[in-house]
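Predicted, not measured: the structure shown is a model, and the values here were computed from it. Every heavy atom of this structure was used, including side-chain atoms; hydrogens, water molecules and symmetry mates were not. Residue numbers begin at 1 in each chain, while the letters A, B, ... track the order of the sequences.
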Amino acid sequence: MIGFWTELVSSLLIRFEWAVFFYFVLVNSFYALLLVSATWALRRHLLIEQAEPRWRILSSDMAPSISLLAPAYNEAATVAESVRSHLALYYPNLEVVVVNDGSKDDTLSVLVAEFELHPIHPVFHRQISVKPVRNLYRSRIHPNLVVVDKENGGKADALNAGLNFASGQLVCAMDADTLVEADALQRMVRPFLLSSVMVATGGTIRPVNGSLVDHGRVVHARAPRRMLPGVQVVEYLRSFLFGRLGWNRLGGNLIISGAFGLFRRDALVEGGGYTVDTVGEDIELVVRLRRYGYEKVGPHVVEFIPDPVAWTEVPETLRQLGRQRDRWHRGLADVMWRHRRLLFNPSYGALGLVVFPFFLFGELLAPVIEALGLVGLVVGLSAGVLNASFAGLFFLVAYGYGAILTLMTLVLEEWSFHRYETFSDRFWLVLWSLIENLGYRQLTVVWRLQGLLNYLQGRRHWGLMERQGFQGKGRLPLS
Amino acid sequence: MGSIPETLLVQVFKVEVVALAITMGLLFGRASYLWWDQAWNGPREKRAQQILARAVEQGRLSGSHVQWLKQIPERVLVRTLTNLARNLQGASQSRLTVMARALGLEERATALCTSRRWWRRLKGVQWFMWLDSGQQVVPHLLRDPHPLVRAQVVKWIADHPTPSLIVALVDALDDPDEMSRFAVKDSMHRIGAGIIAPLVRYLTTHSGPEVEPALTVAAGLTDKRLLQPVLALSGHGRPTVRSLAATVLGTLGGADSVKRLEALLHDAAPPVRAAAARALGSLDHWPSAPHLAGLLRDSAWEVRQEAGRALRDLGAPGTLYLRRALTDPDHFAADMARQILNLPPTVGGTMSS
């Protein structure tokens, strides 16, 4: 009898081992496909961008107007600098709408003082229901800057309040603590000039930690010397330069980062704006826009543009990072559930047949499978079904593949935008790439599992992020 | 079913080690190349800048300098010339073009324009942009199969407008590619008055949706010659065409424009009514105030908004109607008037729109 159960357990463990192996091969083959797609897309993008005079958009009467929406909650430390960087963006017809979402700190006072705000009662169409707006302000020194002061309702509610007020043909959603490069909007607007079915574009987000910032501009990008922000730099590079760029040609993107995205305003309003009762409002919005585009035969293409860059501060403590990853995974789970009718539905083309299934099995459920794989490995070792050398080899293979994908992303970065200019920065990035899978990635599995569990238990909170503020200290390195 | 063979994993791992080595090689190889390129070509680029700047100032480039410049990598030379060209105009620009010709770059640009690869043709046209030449080569690419090349040619035409090229440019308004159409509209705006005659001909001879980009351009050009074709198009079957026509009439003015705009205030489509209201406001035609005041009660928000703004723009007569509207029994009219007058919610109507 005991022999029967032992046989059964061994057989199940082996089958499970094969299943995990096939999952590993499948998902990583898809990552390889994404890498090839990203390389091709990047090459094409660089060919088009070579010496193209973007100054024509800057001085063109034909350029579409843009309203930049920047929700702010307890951002007193960074809001003035980031708003100045928004106002200094090179774009001909730009309106900046900062939404103070009931901050408990001095965010509004800082804005009033720094930008000489005065109250106004303008005409705007309240097309989307939001929490009560207390006051509206316009700057005396920057007439294109408007501040909406409202009761706290969360980021999505703040964006919707900004959307009600915005007058631009396109709206750019941006976090108030994000530093955007001066010509980013000119780059982001280009796909809308190329295609009337474009509904949203997104740019690259890069961690600013460790870089040199001067007057709201990143003047020197540096790889962080601390591990936690360092591994996040390579993680973000992989996610944007390889993941999202690769999706452009494989069915389109499912995510535009909430920190930096450009949308058609009428499509956003028709779609009902941002959903307020989810922590994944950025991904939910994009999925909904794409879905409505298919259903109503309207604009539905979402494209990622690799070269407009926005810099943001990433968490530097495990606690902060854990909360963030928990929230991201809860958001993903919520969106997958809300839009589950897309799954394998041919009416939605590549979105339903390729993109959505990948995000479900390759992203949402990945931590479950990885955790089960690890558990299976430990049980298998204990039961003697698997031996230590096999376990070690499997780990090396998985580790090696992950390291190669990340290093290939660094190669793409080096051969294209080349933002990290010194040899020492490159060495640090390589080091973080190699270290990432030795503990950090496993931690993210735990946090994502936690997020999934929290979602299943109905938890909807955002959590707090403590800001250090952008620092201008440090000297430029000599090489 | 047996376990996964270890030999398979060993083979995979070996491949990964090789791939890792190649990746590191690509990464640091590229980094080293960039460092070497800067170290080797940096001083050359600097010297090239000095030579060319002095040559532009003096109006001549010596034979020895030509020989030396021909020896440096083409991309370094082109980069130096491009950076210099951005800061030059007029006679200086012409001198630079002559020097670039002496250095063989015009020939090279011509060769690029005849390439089978679209990105090379694009590069060739871009070179001709900063060389400020290419009159014999570039216009032939106006109907290039690739939209980005066509868009670049259109930008070149904006800098080198001749009567025949302007006609060709206007005809390119029906380009199927949106980026090309954007470039055409932008270039037409930059050319300005020289575009009017062909634009009038285009508006008179076309009647489908292809008139829309033409009307968008016309809205930025205030010329009476546009009046008759635009008046004709203001009765078009498509609301977008009528809206655009209303916008153009708002820039042209005159009795005929006003009469037509007042008629369009009663159009069936809200965007047309809104455009007509906006146009009347921009014309400062105060006798239209009563008609605009009536639109404060329109069912469409954007029409009410444009009517309110137009009344505000009319000055005292318009403000009078707005103040009367504060006590209008129609709550929407009263609320719009309040907002236009920038009054707080406690004044006049309290219904939110």
Side-chain angles (χ1 to χ4, degrees), chain A residues 11 13-15 17-18 21 44 47-48 50-53 55-57 59-63 119-127 190 192-196 198 380 385-387 389-390 393-394 396-397 399-401 403-404 407-408 410-411 413-415 418 420-423 426-427 429-430 479, chain B residues 1-4 6 9-10 12-13 15-17 19-20 23-24 26-28 30-32 34-35 78 82 118-119 122-123 126-127 129-130 147-148 152 155 158 177-179 181-183 185-187 189-190 216-217 220 301-302 305 308-309 336 338-345 347 352-353:
Chain A
S11 169
L13 276 172
I14 289 169
R15 278 176 167 71
E17 171 200 318
W18 275 106
F21 182 71
R44 190 172 184 276
L47 282 172
I48 292 169
Q50 60 177 354
E52 180 173 287
W55 58 264
R56 281 197 180 256
I57 292 177
S59 58
S60 176
D61 292 331
M62 298 287 122
I120 56 170
H121 308 284
V123 179
F124 67 98
H125 199 180
R126 295 176 190 83
Q127 293 171 290
R190 221 173 148 278
F192 290 95
L193 303 177
L194 282 167
S195 168
S196 60
M198 193 65 58
V385 176
L386 304 170
N387 61 48
S389 67
F390 171 84
L393 264 173
F394 194 87
L396 278 175
V397 165
Y399 169 82
Y401 194 84
I404 289 167
L407 287 170
M408 277 304 299
L410 296 185
V411 169
E413 155 70 12
E414 187 62 36
W415 282 71
H418 181 57
Y420 300 98
E421 293 172 337
T422 67
F423 274 99
R426 293 183 190 94
F427 277 122
L429 289 175
V430 168
S479 64
Chain B
M1 189 183 216
S3 181
I4 300 165
E6 279 189 29
L9 293 179
V10 169
V12 171
F13 183 66
V15 170
E16 285 182 354
V17 168
L20 206 64
T23 308
M24 293 286 231
L26 287 171
L27 180 62
F28 287 102
R30 173 73 176 172
S32 303
L34 289 173
W35 174 83
V78 169
T82 314
W118 67 266
W119 59 86
L122 176 65
K123 192 173 174 181
Q126 286 168 347
W127 281 24
M129 292 282 294
W130 60 261
L148 289 172
Q152 193 66 50
K155 290 173 193 172
D177 181 73
E178 295 202 34
M179 184 66 181
R181 286 202 302 277
F182 171 82
K185 288 188 290 186
D186 178 63
S187 294
H189 254 267
R190 290 173 193 277
T216 308
V217 175
W301 183 86
E302 64 265 33
Q305 181 195 35
R309 282 176 173 170
M336 182 57 68
R338 177 189 65 72
Q339 291 183 76
I340 292 289
L341 291 169
N342 201 16
L343 296 170
V347 173
S352 59
S353 49

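For chain B, the nearby parts of A:Ser196 are the backbone and the side chain; heavy atoms of each come within less than 4.5 Å. There is no contact between B:Trp130 and chain A, counting heavy-atom distances below 4.5 Å.
Partners of B:Leu341 according to the side-chain contact (heavy atoms from CB on, under 4.5 Å) rule, which considers only residues two or more places apart in sequence or in another chain, are B:Thr319, B:Leu322, B:Arg323, B:Leu326, B:Leu343.
Counting heavy-atom pairs under 4.5 Å between each of B:Val217, B:Leu20, B:Asp177 and chain A puts B:Leu20 at the top. With chain A as partner, the option from B:Ala183, B:Ala19, B:Pro147, B:Ser32 having the largest number of non-hydrogen pairs under 4.5 angstrom is B:Ser32.
Looking at heavy atoms from C-beta onward, B:Phe28 lies in side-chain contact with A:Phe427 at the 4.5 angstrom threshold. Between A:Leu396 and B:Glu16 the shortest side-chain heavy-atom distance does not fall below 4.5 Å. A:Val411 has its side chain out of reach of B:Arg30: every pair of non-hydrogen atoms, C-beta onward, lies at least 4.5 Å apart.
Other residues, nucleotides and ligands contribute at most 12 non-hydrogen atoms within 6.0 Å of the CH2 atom of B:Trp35.
Here the closest heavy-atom approach between residue B:Glu178 and residue A:Phe192 is recorded as OE1-O, 4.5 Å. The minimum heavy-atom distance linking A:Leu410 with B:Leu27 is given by the pair O-CD1, 3.6 Å.
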| request: I would like to know whether B:Leu26 and A:Glu414 meet side chain to side chain contact (heavy atoms under 4.5 Å, CB included); could you show each step before the answer? | output: CA-CA 9 Å; B:Leu26 287 171; A:Glu414 187 62 36; over 6 Å; no
